[in-house]
Amino acid sequence: MTRGSRRYLRPDAVHRIHRLELRARAVVEGVLAGLHKSPYKGQSVEFLQHREYVRGDDLRRVDWKVWGRQDRLYVKEFEEETNLRLTLLVDGSTSMDYAGSGDRPRKYDCAATLAASLAWLALSHGDAVGCGVFDDRLRAHVPARTRRSQLTCVCDVLEAPRNAGPGDFLRVLRTAAETLPKRGLVFLISDLLGDRDGIFKGLQMLRTRGHDLAILHVMDDDELDFPFDGPTRFDGLEIPGQLACNPRALREGYLAELGRFLAEVRTRASTARSDYALVRTGEPVAAALVRFLSRRASMAV
Amino acid sequence: MPTFDFATLFWWGLPLAAAPVVIHLINLLRHRRVPWAAMEFLLASQRKFRTQVLLRQLLLLALRTAAVLGLVVALAQPRWRQAIGGLLGRTSTSHLVLLDDSYSMGDRSATGLAETVTESADGDTRPATAFDRGKRVIERIARDLSTAAGSHELAVGLTSAMASAAPRGDAVSARPPLIVPPAAVTPSALQTVRNALADVRVSAGVDGPREAIGPATNDWMAGATAGRVLWIVSDFRMRDWGDTGPAGDVLRGLAAEGVELRFIDCGADASAANLTIERLEVVGGVPAAGVLLPVEVEVRNDSPLPAEGVVIELREDGGSRPAVALDSIPPGGSATRRFDARFTGPGGHVIEAALRPDVLPADDVRRTVVDVVERVDVLVVDGDPRGGGSDGDAFFVATALAPGAGAPTGLAPRIEPPRALGVADLARFDCVWLLDVERLDAAEVAALEAYARAGGGVVFFAGPRTRADNVNRTLFRDGEGIYPVPLAGAVDLLPTPAAATPVPDVIVEEHPVVTVLAGQRNPLVEMVRIDRFLAVERGFDEARAGVRRLLSLRTGQPLVVERSFGDGLVMAVLTTAAPAWNNWARGNPSWVVVLLEMESHLARARRRAENLTVGDPVAVRLEPGVDEIDVDFLVPPDGAVVRQSAAGGSAAGLESRLPAAAVPGVYEARWKRLDGTERTRLRAVNVDPAEGRLERVGRDRLARGLADVPFRYDRTDALDTATGSLGGTSLVVPLLLVLVGVLIIEQFVAYTAGYHPVSRRPSGA
């Protein structure tokens with residue numbers, strides 16, 4: 001296990017998401033019967049393995065013979081069921097380097113943890129996982145695979161040295177839309193601090209190509225609460241500029257602007273039929289993922 | 001215009017008002033740096049609220065600056081003064097302190113503070129007087145002014161010295177008008193003030209602030225544009241301030257000119273009982289060697305309680321003699337005691353009466369001088385051209401006035417014919433008795449009337465030679481002349497009818513001369529028989545003419561009458577002196593008694609000693625061509641000599657005068673005659689007993705009496721020397737209230753501007 005995997009795969013997170021299955025909402029390429037909706041209906045696929053039945057599985061896939069023998073429910077997994085392609089796009093721009101006070105991690109660290117956790121979940125279910133880190137372009141990436149060592153590759157990508165610069169979401173998402181070979185589930189893990197029109201235009205491109213979308217909106221508690229007081233000079237991380245002020249005097253206006261931003265993001269995500277979750281860096285990653293996946297799972301039913 | 005008690009503090013503190021701005025600028029440089037990702041929201045907020053934030057910051061700065069400035073001003077203790085110079089203009093203030101040194105300020109009544117004063121280097125102490133408290137408060141005033149803002153000039157004067165424009169007092173006891181001349185009050189000058197105050201004592205006079213205000217402020221008000229404060233340090237007695245009168249007018253004028261008036265009351269709230277010797281005088285007798293002289297002493301009780309068993313110590317010529325006592329003196333009233341004095345030798349003699357010293361010792365001693373002569377000459381003008389002999393009027397009168405060696409009266413009758421009136425110096429006679437004089441020519445009448453007007457006593461006896469028409473024409477002259485009543489002519493007094501109840505021929509009226517005969521059934525009076533008398537014209541209004549009866553006849557007609565003539569007294573006995581028309585002088589003791597009382601009564605005006613009080617001049621009359629003009633006055637208590645040269649040419653003749661007696665006691669005047677012999681004359685000077693009335697006017701009544709005069713009244717034990725003593729209205733309290741309001745507003749603005757820590761509530765995102 002590389003240093004990146006040791007850093008981003010927390011045992012508690014692995015434990016909590018282990019029992020969940022990841023379901024894609026949209027039809028993905030690579031025919032899946034049962035759990036995943038595949039555009040290639042009817043094709044037979046090679047039996048791969050039995051796995052324990054979980055609520056929501058198609059009852060037609062239940063192996064009744066096993067049930068008769070063991071009095072336990074198992075479903076048959078075919079190779080095509082593992083053809084969920086999970087693509088994790090992690091924002092590595094300058095703004096993701098912000099870390100709040102105390103022992104809160106940087107936003108990038110939180111995003112990378114989320115990505116690694118999702119990768120492990122997908123890989124543990126036999127899904128292919130790919131990952132890319134971007135700022136104004138895709139800097140490091142690994143295509144989606146199901147190999148056992150894929151998690152390591154994902155973590156290596158996440159940990160690769162970054163020369164963080166300003167982000168260009170439209171370019172990156174267009175590139176992803178044009179290069180991803182098959183439809184799958186695309187996670188955008190970012191603070192979305194950039195050209196929002198570009199973000200959602202890019203997401204729309206992915207949607208057009210049949211990808212399922214999910215946004216994990218990572219923001220620091222400071223950015224959400226703006227708890228500063230006393231004379232402070234704010235130096236822009238991505239937007240050049242400085243502002244020396246009394247934060248308390250601007251807090252009300254800042255929060256109003258932030259509220260408008262979050263509302264816009266939620267609305268546009270909904271419009272783009274993309275799952276959305278706001279993740280605070282002060283919040284445990286596992287809890288955030290559980291919350292997200294549970295809601296996603298309930299919506300899928 | 002406001003001024004500052006501590007202007008220096010204001011100017012030094014003024015730059016502190018810039019502190020909030022400086023702190024704000026420093027904070028801008030000391031801000032922490034935060035790398036920030038969500039700049040777009042921050043910048044959007046800043047763009048939206050920039051103006052509002054800036055205005056709030058400016059308002060906050062302004063409020064904080066105002067708060068600091070307000071605090072600096074409050075510490076500088078601003079004061080609103082009516083006419084005293086302002087912050088940048090006139091800051092010079094002239095202070096004039098009038099210290100009341102009238103002798104009531106020697107009141108030692110306790111104030112409840114157990115104040116004492118060290119009397120000597122040995123550490124002896126005595127109770128503090130109102131004067132002591134007054135001096136102490138002046139020291140406090142000077143001390144405060146020495147550290148007060150602005151420049152202050154202080155002058156201190158005593159009211160006794162300032163009561164008149166001219167210098168007063170003898171060369172020894174004279175007090176300078178100002179004990180502290182106008183000078184800037186600095187810490188180094190304080191000792192000068194203390195030294196000047198240490199040397200002054202309360203005076204024996206009665207001139208207080210009421211008499212001194214006008215003369216004291218005349219020069220002080222002239223010229224200079226400085227602000228002025230008049231301090232009156234006094235005990236504020238009812239006697240001085242019950243009726244403000246002209247003093248109130250002066251104070252009104254001063255207030256109208258912008259003078260700030262400060263009254264400092266240093267009297268004790270409740271003065272203890274005070275006894276005052278109001279009078280000590282010889283009330284009769286003949287001041288001749290060896291003759292008993294009746295003396296009266298009167299004591300007043302200024303107390304709400306009766307004074308019991310008051311002992312009066314007596315001294316004659318410095319030697320003790322038995323004391324006398326007054327059983328009881330009612331509260332607020334007086335009591336009189338009579339005693340006899342006798343001096344064996346001629347010359348000036350001193351009688352001194354003293355009470356045990358109480359809260360006001362100055363009025364517990366009184367002295368009088370008795371000028372005793374070997375004998376007192378009395379002129380008896382005998383109208384009998386034959387001389388009278390042993391049956392004549394002159395014999396009976398002279399014998400009554402001077403019975404002989406066995407009964408010395410001190411009187412030396414000198415019998416002369418009527419023409420002596422025109423040639424003799426009547427002034428040397430104690431009295432002039434005219435016995436049945438037929439006529440006086442104009443010169444003699446003029447001399448007699450001049451003598452009476454000057455205070456001499458004259459007695460007319462009637463007789464067969466006395467013609468009513470002549471008396472009326474030459475001596476009565478329709479009331480203008482010396483004779484008391486118009487005469488109608490000689491009339492026989494008819495005897496009482498045998499069947500009627502016997503009634504004495506003579507009825508005693510109320511008159512001090514015949515007091516000895518008053519009373520029911522006086523056998524001596526009943527023995528007197530009047531056979532013939534001169535009747536007064538009918539219809540004569542005795543009361544209107546000022547005629548007073550001593551004796552009347554049973555018929556209601558006057559027998560002996562009296563009237564004032566000028567400064568003297570004139571009596572008319574409307575019967576004979578010799579037992580011709582009556583039997584009075586024959587063997588009736590009352591005859592001698594009445595004549596001696598008449599003589600004493602008639603001569604009282606001439607014998608009455610001058611009642612000199614402190615402040616009065618002490619003068620002696622000299623005879624031109626007989627006395628030298630230089631007179632040495634020995635001034636009590638030490639007998640210091642002050643030489644005064646006589647001046648004259650007026651109706652008063654040649655006179656040597658000590659301008660004003662500053663201390664009570666016996667003053668001795670010595671001079672020489674041209675023949676080399678020495679002459680002396682004693683004069684007793686006493687304090688004015690009225691000053692011993694210690695009733696105080698009180699603040700309320702004083703305010704009513706000076707209703708339209710703005711003044712500030714303080715007591716020495718409640719004087720606020722820190723702030724109130726400098727006059728003006730302090731603005732500290734109103735300023736502090738405004739400051740509190742500014743701070744409350746500042747806190748509110750700071751809260752709305754986000755400078756207050758608030759609870760960290762999440763955004764809800």
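Naming: A, B, ... by sequence-line order, numbering from 1 per chain.
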Q: Provide the closest heavy-atom pair for A/E223 versus B/W36 in the form atom of the first, atom of the second, distance.
A: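 Of all heavy-atom pairs spanning A/E223 and B/W36, the closest is CA-CH2, 3.6 Å.
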Q: Taking all atoms of both residues into account, what is the closest heavy-atom pair of A/L250 and B/Q46, and its distance?
A: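 Nearest heavy atoms, A/L250 then B/Q46: CD2-CA, 3.8 Å.
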Q: Could you walk me through whether B/R32 and A/F228 pass the side chain to side chain contact (heavy atoms under 4.5 Å, CB included) check?
A: CA-CA 10 Å; B/R32 64 171 174 166; A/F228 302 100; 3.1 Å; yes
Q: side-chain hydrogen bond (donor to acceptor under 3.5 Å, both in side chains) with A/S190: which residues, sequence neighbours excluded?
A: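 Expected list: A/D91.
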Q: Please test B/M39 against A/L243 for side chain to side chain contact (heavy atoms under 4.5 Å, CB included), starting from the C-alpha separation and ending with a verdict.
A: CA-CA 9 Å; B/M39 277 300 286; A/L243 179 62; 4.3 Å; yes
Q: What are the two closest heavy atoms between B/A37 and A/S95, and how far apart are they?
A: CB-O, 3.6 Å
Q: Under 4.5 Å from any heavy atom of chain B, what part of A/F234 do you find: side chain, backbone, both or neither?
A: both
Q: Check ring-ring contact (aromatic ring centres under 6.0 Å, His included) between A/H141 and all other residues, then give those that pass, not counting sequence neighbours.
A: none
Q: So with a 6.0 Å cut-off around CD of A/E252, is the heavy-atom count from everything else above 12?
A: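 No - once you tally the heavy atoms of other residues, nucleotides and ligands closer than 6.0 Å, there are 12 at most.
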Q: Given a strict heavy-atom distance threshold of 4.5 Å, which part of A/A249 is in contact with chain B: side chain, backbone, both, or neither?
A: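 For A/A249, the contact with chain B is made by backbone and side chain together.
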Q: For the pair B/R47 and A/E257, find out whether any cationic side-chain nitrogen is under 4.0 Å from an anionic carboxylate oxygen.
A: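 No.
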Q: Let me confirm one number: the CZ-CG distance from B/F41 to A/L193, rounded to the nearest 0.5 Å.
A: 5.5 Å
Q: Please report the closest heavy-atom contact between A/Y254 and B/L42, naming both atoms and the distance.
A: CD1-N, 3.6 Å
Q: Non-hydrogen atoms of chain B under 4.5 Å away: do they reach the side chain of A/D222, the backbone, both or neither?
A: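 Answer is both: backbone and side chain atoms of A/D222 are under 4.5 Å from chain B.
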Q: For residues A/T232 and B/H31, report the shortest heavy-atom separation together with the two atoms involved.
A: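 Residues A/T232 and B/H31, closest heavy atoms: N-CB, 3.6 Å.
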Q: Please assess A/R196 against B/E40 for the test salt bridge (charged side-chain N to carboxylate O under 4.0 Å, His left out), listing each intermediate value before the final yes or no.
A: CA-CA 12 Å; A/R196 286 187 280 288; B/E40 64 176 286; 3.2 Å; yes
